[in-house]
Structures are given as structure tokens and as C-alpha cells.
Amino acid sequence: MKLPLARLVASLLLSAAAAHAKPCGNPAAVLETRQAAEEQCACGAATRHRSYMSCVLRVAHEAVVSGALSPRCKAAVMSCAQRSVCGKPDYVTCCRTTPEGTTTCAIRRSARVCLAHPPKGGHSYLSPFSSVCDACPAGVCTSTTTSTTLRVSVMAEDCRSILVTWSNPEVSVTIGRSTDNATWTTVLSASRVGQATFLDTDLQPLTAYYYQVTPLSGR
């Protein structure tokens, strides 16, 4: 049976401003400044969070002065630095997944605290990302799109892979990927019947990826 063409677009941003920060409208500038901050401030080498924040503030301020970053986008850069484990020994980026599949992440003071309090019926795990901004876009790791045909979810597995799932394994789908939501590359030409997941690997951290899932046929 040929299904009506229904393109389900789900996006996962591996680097995003925190939800409470004002929209800056230029995520590329935020990304560039955060990359510069990592080169100059080195999260892994930070011994005090306050010192790390001062270093990131200096980098962000220089970007504003040069015109590469707006003051509003500076707030997004600082928010991501604040919501990180940088300079916080033993702190972890803790993610919690509910039975419905929604995952949220936050900074916790230890792995024990993180793993000891999973959501009822769900589970907790440690994210490899140092900032919540990278573990989850806007604090929510799973992006879900629903249509009359399929329910599609997109979730970061780690810093270089994304898992795409769809609700009906009897429906064959094609999957496209984009970094600008305009130009698409086919990463799965046709799923086999019985398949309902696709793991996209070798991705770049701090990069926005969009996924377009198109049903082809079903039984």
C-alpha cells in the first residue's frame, strides 16, 4: 500500500542557548564564541568555576567589542558556561528519561546523586557533555514529531551520534539529514520492514542537525 507523502521533520541541536536566555538570533556566533572560549579557557583544565566563568566572560566580551557577537548572544554564551561542570570537581551532567521518552538534563554535584534519583518508571544516566546546552537543546534531549502515520523521535546518544526512531516498523522510511534545514543529504535510502531505529554516527559536536523522515510504504 502506498502511503500519502508525509515528511516528518525533527531537529536536534547539539549546541543551543539555555531556555531562559533571550533568543539571540545568531546561533553561529554563539557557537564560534563558545569554541573560542574552549580553546582559551579549557573546561577540562579548570579548577574553579568562578575562574572559568571569568575567562569565558572575557572571551565573550572581546567578541562583542569586535562586533562578532551581540550583547544578547553574549548572554547565551554565558548561560551555557554557567550550566556546565567546568571548574566543579566531581560534578556531572545528569540526564533523566521518563517512561514517555522525554529526557531532561541538569548539573548535579555527583554521579551518585544523579543515579540515585531516576524519574519514576524511567532512568538516569551520566552525559559525556560538560554543558547542559550540548547534552540537551534547551534542556530537553528528545525532539518528537507526530503525524497520522508515524511518531518520530530524535535523541543524542553521545557527542557524535544521534538516534532516530519511528513508531511503526512495518512502514519503510527514508531519512534525510541537514545542517541548515534547507539542503538535505540522504542517510538512509529505505529502511527494511521490521526496522524502527537508525543510528547516525561520526557527527560533529556543537552542530545543529535536522532530520527528515519520509514514509515510503507499509503493509
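These numbers come from the heavy atoms of this one structure, side chains and all, not from hydrogens, waters or symmetry mates.
Take H61 and apply the side chain to side chain contact (heavy atoms under 4.5 Å, CB included) test, not counting sequence neighbours, and it matches V65, K74. Considering only residues two or more places apart in sequence or on other chains, T201 meets the side-chain hydrogen bond (donor to acceptor under 3.5 Å, both in side chains) condition with none of them. Legend: residues meeting side-chain hydrogen bond (donor to acceptor under 3.5 Å, both in side chains) with R177, ordered by chain and number and at least two apart, are D200. Considering only residues two or more places apart in sequence or on other chains, S51 meets the side-chain hydrogen bond (donor to acceptor under 3.5 Å, both in side chains) condition with none of them. With sequence neighbours left out, S191 forms a side-chain hydrogen bond (donor to acceptor under 3.5 Å, both in side chains) with no residue at all. Not counting sequence neighbours, the partners of H123 by the ring pair (Phe, Tyr, Trp, His ring centres under 6.0 Å) test are Y125. Residues passing the salt bridge (charged side-chain N to carboxylate O under 4.0 Å, His left out) test with R58, sequence neighbours excluded: E62. With sequence neighbours left out, A46 forms a side chain to side chain contact (heavy atoms under 4.5 Å, CB included) with Y52. For S54, there are no side chain to side chain contact (heavy atoms under 4.5 Å, CB included) partners at least two apart in sequence or on another chain.
Residues in residues 116-132 take part in no salt bridge (Lys or Arg N to Asp or Glu O under 4.0 Å) pair, two or more places apart or across chains. Screening residues 103-116 for salt bridge (Lys or Arg N to Asp or Glu O under 4.0 Å) gives no qualifying pairs among residues at least two apart or on separate chains. The side-chain hydrogen bond (donor to acceptor under 3.5 Å, both in side chains) pairs that include a residue from residues 88-97 are T97-T103, where partners are two or more places apart or lie in different chains.
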